[in-house]
Amino acid sequence: MDDLKRLALFAEVVRRGSFSAAARRLGVSTSAVSQQLRALEQAHGVTLLHRTTRKLSLTEAGARFATHCQRMVEAAELARAQLALAREAPEGELRVSAPVGFARHLAPALAPLLAAHAALQLRLQVDDALIDLVDARIDLALRAGRLPDSGWAARRLCDFQSLICAAPAYIAAAGMPRAPEDLAAHQWVGAPRDGRTLALSLAGPGGAQSEQTVPVRVTSNNQLSLHQMAASGLGLTLAVRADVEEDLQTGRLVPVLPQWQPPALPVWAVTPQRDGQPAKVRHAIEAIAAHLRALPGVRDAGAPAPPSTPLSAA
């Protein structure tokens, strides 16, 4: 590495025409420049410069050597410029990981970014399983809920409002729950941690709290499948409002106990590194965050929760 530095210093001396001018440009003393060039000549056994009290002149070997040293410096400057470009302009392949149910939000979120930057490509990996970002070479992962401990960097983008809902056909057959205590008597579609029951924490009117444990009849590790099974009338489900809004509006699903709200679901942007994020990652995070915050039932991370008022029933 010291030899490479001396090559760059030699190229600077040739470019500036004197030790003193090169020293001023590099912020070192003239004697330091002279000592380093002498060390370079001694290391290779070749005289590169003729020195007189009035001027410097290149030897024949020095002239040939200077050409290659200057090319080395130019290549280093080009490499540095490429790093700066990667820092400022989104380009290259952006590798994103997201859960299956979340992927539907990424196309409208990232489409404007891709349209504006022709040098940017997207590779989307959709999987509900947690993957190792480094092993899978993932630039950005979207996660929801509580994050496991890891060395990765996480930024909270927003909070998704959750609700209990069901298909009208199920409600017609099983009846509408009137209180949180009624929930355990119903069939449930969900992804319980223990494979059998789902723990519900509900916030009601006037600050009331209710903790309920409900049996789950139909389980899946895929949120999109749970949504579809609930819409088919297989039972109650705990859903993210942004994911089921269309079904709520069309009446395929109806809210259950809308005055009792489950906790909001935090959404995270997770990256393998905390500092020095390339432009493609920084721009993607901002684009996704802006899109998510415009969805129904979504609020900025850290914003106060809305009061427990009934959701509009379809």
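Residue numbers count from 1 along this sequence.
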Colleague: Is there a donor-acceptor contact under 3.5 Å from the side chain of Gln121 to the main chain of Glu91?
Modeller: no

Colleague: For the atom pair CD (Gln228) and CG (Asp247), what is the distance rounded to the nearest 0.5 Å?
Modeller: 9.5 Å

Colleague: Can any side-chain N or O of Trp268 pair as donor or acceptor with the backbone N or O of Gly145 at less than 3.5 Å?
Modeller: yes

Colleague: Is it the case that the side chain of Lys280 and the backbone of Gly92 share a donor-acceptor pair, with hydrogens and angles ignored and the cut-off at 3.5 Å?
Modeller: no

Colleague: Locate the shortest heavy-atom distance separating Leu265 from Ser162; write the atom from each residue and the value.
Modeller: CB-OG, 4.2 Å

Colleague: Output, in order, the C-alpha distance, side-chain angles, deciding distance and verdict of side-chain hydrogen bond (donor to acceptor under 3.5 Å, both in side chains) for Gln161 and Arg241.
Modeller: CA-CA 6 Å; Gln161 180 187 5; Arg241 172 121 201 185; 5.0 Å; no

Colleague: Quick one, Val96 and Ile138 - any side-chain contact, counting heavy atoms below 4.5 Å?
Modeller: no

Colleague: Answer yes if Val218 and Leu226 sit in the same cluster of Ile, Leu, Val, Met, Phe, Trp and Tyr residues linked by side chain heavy atoms under 4.5 Å apart, and no otherwise.
Modeller: yes

Colleague: Does a side-chain heavy-atom distance below 4.5 Å link Leu202 with Gln261?
Modeller: no

Colleague: Any donor-acceptor pair under 3.5 Å linking the side-chain atoms of Gln212 with those of Ser210?
Modeller: yes

Colleague: Any link between Val13 and Phe65 through a network of hydrophobic side chains (Ile, Leu, Val, Met, Phe, Trp, Tyr) touching at under 4.5 Å?
Modeller: yes

Colleague: With a 4.5 Å limit on heavy-atom distance, are the side chains of Leu292 and His105 in contact?
Modeller: yes

Colleague: Are side-chain heavy atoms of Arg71 and His68 found at a separation under 4.5 Å?
Modeller: yes

Colleague: Would you say Glu211 and Ser201 are linked by a side-chain donor-acceptor pair, where the criterion is simply a distance under 3.5 Å?
Modeller: yes

Colleague: Report the hydrophobic cluster partners of Leu130, with the cluster defined as I, L, V, M, F, W, Y residues connected by side-chain heavy atoms closer than 4.5 angstrom, directly or transitively.
Modeller: none

Colleague: Less than 4.5 Å apart, side chain to side chain, heavy atoms only: is that true for Leu94 and Pro278?
Modeller: no

Colleague: Using the rule given for side-chain contact (heavy atoms from CB on, under 4.5 Å), can you reason through His50 versus Thr59, listing the C-alpha separation, both sets of side-chain angles and the distance that settles it, and then say yes or no?
Modeller: CA-CA 6 Å; His50 292 304; Thr59 66; 3.4 Å; yes

Colleague: Check whether Trp260 and Leu198 end up in the same hydrophobic cluster, where Ile, Leu, Val, Met, Phe, Trp and Tyr are linked by side-chain heavy atoms less than 4.5 Å apart.
Modeller: yes

Colleague: What is the distance from atom CG of Leu110 to atom CG of Leu124, rounded to the nearest 0.5 Å?
Modeller: 8.5 Å

Colleague: Show the atom names and distances, to 0.1 Å, of all donor-acceptor pairs under 3.5 Å that link a side chain in residues 15-23 to residues at least two apart or in another chain.
Modeller:
| unit_1 | atom_1 | unit_2 | atom_2 | d |
| --- | --- | --- | --- | --- |
| Arg16 | NE | Glu12 | OE2 | 2.6 |
| Arg16 | NH2 | Glu12 | OE2 | 3.3 |
| Ser18 | OG | Ser20 | OG | 3.3 |
| Ser18 | OG | Ala21 | N | 3.0 |

Colleague: Verify, without hydrogens or angle tests, whether Arg293 (side chain) and Ile288 (backbone) share a donor-acceptor contact under 3.5 angstrom.
Modeller: no

Colleague: Considering residues, nucleotides and ligands other than Glu60, do more than 12 of their heavy atoms fall under 6.0 Å from its CD?
Modeller: no

Colleague: Arg6 and Leu37: which non-hydrogen atoms are nearest, and at how many Å?
Modeller: O-CD2, 4.4 Å

Colleague: Would the distance check show the side chain of Arg95 and the main-chain N or O of Arg137 forming a donor-acceptor pair, the cut-off being under 3.5 Å?
Modeller: yes

Colleague: Just so I know, are the side chains of Leu142 and Ser97 near enough to count as touching, which here means a heavy-atom distance under 4.5 Å?
Modeller: no

Colleague: Does the pair Arg155/Glu286 count as a salt bridge with the N-to-O cut at 4.0 Å?
Modeller: yes

Colleague: Sub-3.5 Å donor-acceptor pair from the side chain of Asp135 to the main-chain atoms of Asp132, do we have one?
Modeller: no

Colleague: Which atom pair, heavy atoms only, marks the closest approach of Ala136 to Ile131?
Modeller: CB-CD1, 4.0 Å

Colleague: Using the side-chain contact (heavy atoms from CB on, under 4.5 Å) rule, take Leu122 and Leu114 through it: C-alpha gap first, then chi angles, then the decisive distance, then the call.
Modeller: CA-CA 8 Å; Leu122 174 64; Leu114 290 166; 4.1 Å; yes

Colleague: More than 12 non-hydrogen atoms from neighbouring residues, nucleotides or ligands closer than 6.0 Å to CD on Glu93, yes or no?
Modeller: yes

Colleague: Go through the structure and list residues passing ring pair (Phe, Tyr, Trp, His ring centres under 6.0 Å) with His186, not counting sequence neighbours.
Modeller: Tyr170

Colleague: Examine distances only and state if a side-chain atom of Ser225 and a backbone atom of Ser220 form a donor-acceptor pair shorter than 3.5 Å.
Modeller: no

Colleague: Looking at Arg196, I'd like to know if its CZ atom is crowded, meaning that more than 12 non-hydrogen atoms belonging to other residues, nucleotides or ligands lie closer than 6.0 Å.
Modeller: no

Colleague: Might you point out which heavy atoms bring Met72 and Leu4 nearest each other, and give the distance in Å?
Modeller: CE-O, 3.8 Å

Colleague: Atom CG of Leu236 and atom CE of Met176: how far apart are they, to the nearest 0.5 Å?
Modeller: 9.0 Å

Colleague: With no hydrogens and no angle check, is any side-chain donor or acceptor of Thr67 less than 3.5 Å from a backbone partner on Ala63?
Modeller: yes

Colleague: Just so I know, are the side chains of Val298 and Val240 near enough to count as touching, which here means a heavy-atom distance under 4.5 Å?
Modeller: no

Colleague: Minimum heavy-atom separation for Leu224 and Asn222, please, with both atom names.
Modeller: N-OD1, 2.9 Å

Colleague: Could you grab the distance from atom CD of Glu246 to atom CG of Leu253, nearest 0.5 Å is fine?
Modeller: 10.5 Å

Colleague: Arg299 side chain to Gly297 main-chain N or O, any donor-acceptor pair under 3.5 Å?
Modeller: no

Colleague: Please answer: with hydrophobic residues joined when any side-chain heavy atoms are less than 4.5 Å apart, are Val267 and Val126 in the same cluster?
Modeller: yes

Colleague: Start with the C-alpha distance between Trp188 and Thr197, add both sets of side-chain angles, then the distance that settles side-chain contact (heavy atoms from CB on, under 4.5 Å), and finish with yes or no.
Modeller: CA-CA 9 Å; Trp188 279 82; Thr197 59; over 6 Å; no

Colleague: Is there side-chain contact between Leu9 and Val33, with at least one heavy-atom pair below 4.5 Å?
Modeller: yes

Colleague: CG of Leu49 to CD of Glu41: how many Å apart, nearest 0.5 Å?
Modeller: 6.0 Å

Colleague: Assess whether side-chain contact (heavy atoms from CB on, under 4.5 Å) is satisfied between Asp243 and Arg104, documenting all intermediate values.
Modeller: CA-CA 9 Å; Asp243 289 342; Arg104 63 195 296 262; 3.8 Å; yes

Colleague: Same hydrophobic cluster for Val189 and Leu238, using side-chain heavy-atom links shorter than 4.5 Å among ILVMFWY?
Modeller: no

Colleague: Search all heavy atoms of Phe10 against all heavy atoms of Cys69 and return the closest pair with its distance.
Modeller: CD2-SG, 3.9 Å

Colleague: Enter the distance from Leu48:CG to Leu58:CG here, rounded to the nearest 0.5 Å.
Modeller: 8.0 Å

